[in-house]
Amino acid sequence: MAKTYDHYNEEAVMEYLGEGLKDLKRLTRLLEWRIPCQIHFRNLNFDSYHVFYNPVQEFNRDLSIAVLSVFAKEQPQSRKGLKRSRHGSTKDGKATTGATLPNSREEGISIFEALAATGLRSVRYALEVPGVREIVANDLSYQAVESIEDNVKHNKVERIVRTSHSDASLSMYLAKSDNKLFDAVDLDPYGCPSRFLDSTVQVLEEGGLALVTATDLAVLAGNSPETCYSKYGAICLRSPACHEMALRIVLQCIESHANRYGKYIVPLLSISADFYVRVFVRIFTSPASCKQSTSKLSHVFQCVGCKCMTLHPLGVTNLREKKPPSYSLPRLPELSKCPHCDHSYQMGGPVWSGPLHDPAFITKLLELIESSSEKFNTSKRMLGMLSVAKNELLTPFFYTIDAVCSIVHCVSIPLLTFRSALSNAGFKVSETHAAPNSVKTNAPAEVIWDIVRTWVKNGHPVSEKRINESDVTKRILEAPVRHDIRFEFNADADMDTEGLVRFQVNPAPYWGPGLRAKNNLVDGCATKEAKRKANQNKNKPPTVENAEPAKTDTE
Ligand SMILES: [Zn+2]
């Protein structure tokens, strides 16, 4: 007898598939509750199905549909206002003729999905994004392309979606050599996207949109700075704000690829969610604007004792009236020892230190999602995330209160009290979408430690033993308070985001980036289940029972 599942999870789907595939509509509801398209599976068993599909990424797909819907309304208009010469340079604001835009067609946008796997995303784009003219769904795997073709036919979107069986980069280079540029390129690879970025920045129309996912957060968030440098050209640092650093490293990487062709990026939205980061950036051409890139990139200095961060830009842009800007190199400040705890610094980066989002674009996104929330199963979470992202301060990185208090071993300061103290001292505060119980502020680290010192003095003492155990705790708590710190409630610090959904509760057992398509599974692990179990606790030090040396995942 068929069972009803209120919430899908992979086990439920596997069980259902085991019963035999009788009702495609019902399976679709299980996989992605109410989506209007149907996903056709060639085989009845996930493990014998050699194509990558991750149901947990529904939020990512919903968000992409919303972003593309807003972008599709704007791109044809902005294309008209941008001029591209034969050499690729543009002059903003001048009207252009069709001849100067090699792929200029008035109706709708074109999308290239580089690693389409089941084709679910392309099918959803074709059915749900208004104003799409053409989608090319590409995959290197022949089995994946077969399944995309099935799904395209099944959902009757042959008029819009065309398949391509090729290496993604090669396919984009060939399209570029034929002058067939795309308005949007969707890159959602397993792991690191950087190998596809060179072709992506070249194949995009002027002002085109790159939708880029990176799922190798272990590398981006500080576990392996060496691997991070080899993949993204930047050193990551381990810190409570590591997910924002991951976003900024990915943006830096796209910017550096764009700069090679006289192009630069304008981020519309940069989201850290679950086990991945996803950035939506527009790419414009202007060798003159590329000179400003060094001012949008910074090295990050992190104190090894108190973990506070200082940013140092690679260059300085001096804006001048009625003249082009001039450029200079910044001087290094005295950074040999941290002024708060007397420890030394580690250097990371370079990272993107410009804005992560375009608030005007997020406002349009919010309007779209509010007016058509029935279209998206994850609309509540999208509204929650975007509302917070829209109001984030431009200051890079943030403080996590638990991490700050753990440095001096004091009782954690309530979030609203901490934010009120910053507002009362005259500084700006905001939340961040990237982590709960965190504060973005333009206050210098000295003010943060003044708040902690005052908190400890106001009835939250730290034991002598704790103070004497750590010289960092001792130095910070012994320093004098220099700012006027008051903890009374400040209305500016009340963000009123209660009830907004931002983080998902574990949706399925072993959820995460998923595994590569089965062709690439490691020998000896024939099933996903076996690989998952083999990977459990693999980085923990060996115990007596488990004396095998731990493997290091450099992927
Ligand atoms: Zn320090």
Side-chain angles (χ1 to χ4, degrees), residues 221-223 225 228 234-246 248-249 298-314 330-351 353 393 395-413 415 418-419 421-422 425 427-429 432 434-435 437-458 460-485:
N223 280 359
C228 188
I235 301 275
C236 54
L237 297 171
R238 223 186 258 240
S239 86
C242 60
H243 287 183
E244 187 176 321
M245 182 168 263
R248 292 184 180 279
I249 287 175
S298 295
H299 285 299
V300 184
F301 293 87
Q302 187 184 34
C303 168
V304 295
C306 69
K307 306 289 176 201
C308 67
M309 292 204 224
T310 308
L311 266 77
H312 194 71
L314 271 61
R331 309 265 165 98
L332 257 182
E334 189 65 45
L335 273 174
S336 56
K337 288 273 189 253
C338 169
H340 312 294
C341 72
D342 208 29
H343 277 244
S344 53
Y345 286 97
Q346 283 178 334
M347 189 177 86
V351 301
S353 46
L393 288 181
T395 318
F397 305 123
F398 53 84
Y399 294 97
T400 302
I401 298 175
D402 296 339
V404 168
C405 292
S406 73
I407 298 280
V408 298
H409 307 287
C410 73
V411 181
S412 194
I413 309 173
L415 184 61
F418 193 88
R419 287 201 302 235
L422 284 164
F427 297 99
K428 288 185 186 166
V429 282
T432 165
N437 207 27
S438 306
V439 174
K440 257 185 185 292
T441 178
N442 60 347
E446 193 183 75
V447 179
I448 303 295
W449 293 127
D450 271 356
I451 292 173
V452 172
R453 282 187 277 266
T454 313
W455 174 256
V456 170
K457 278 177 192 160
N458 288 5
H460 306 92
V462 178
S463 72
E464 278 300 315
K465 187 174 162 248
R466 283 288 202 184
I467 293 174
N468 292 328
E469 262 175 13
S470 152
D471 58 336
V472 177
T473 310
K474 198 171 181 179
R475 282 210 175 90
I476 288 174
L477 290 183
E478 282 177 1
V481 177
R482 293 202 168 88
H483 292 82
D484 176 27
I485 303 297

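Sequence positions, counted from 1, serve as the residue numbers for this chain. In listed order, ligands and their atoms are each counted from 1.
- You'll find the side chain of His460 stays beyond 4.5 Å of the side chain of Ile413, heavy atoms only.
- For the pair Thr400 (side chain) and Ala403 (backbone), a donor-acceptor distance under 3.5 Å is absent.
- Distances from the Zn ion (ligand 1) show that Cys341 has an N/O/S atom below 2.8 Å.
- Between Asp402 and Ser406, every side-chain heavy-atom pair lies at or beyond the 4.5 Å cut-off.
- Residue Cys338: an N/O/S atom is found under 2.8 Å from the Zn ion (ligand 1).
- In summary, an N, O or S atom of Cys303 is located under 2.8 Å from the Zn ion (ligand 1).
- Rounding to the nearest 0.5 Å gives a distance of 13.0 Å between CZ of Phe397 and SG of Cys308.
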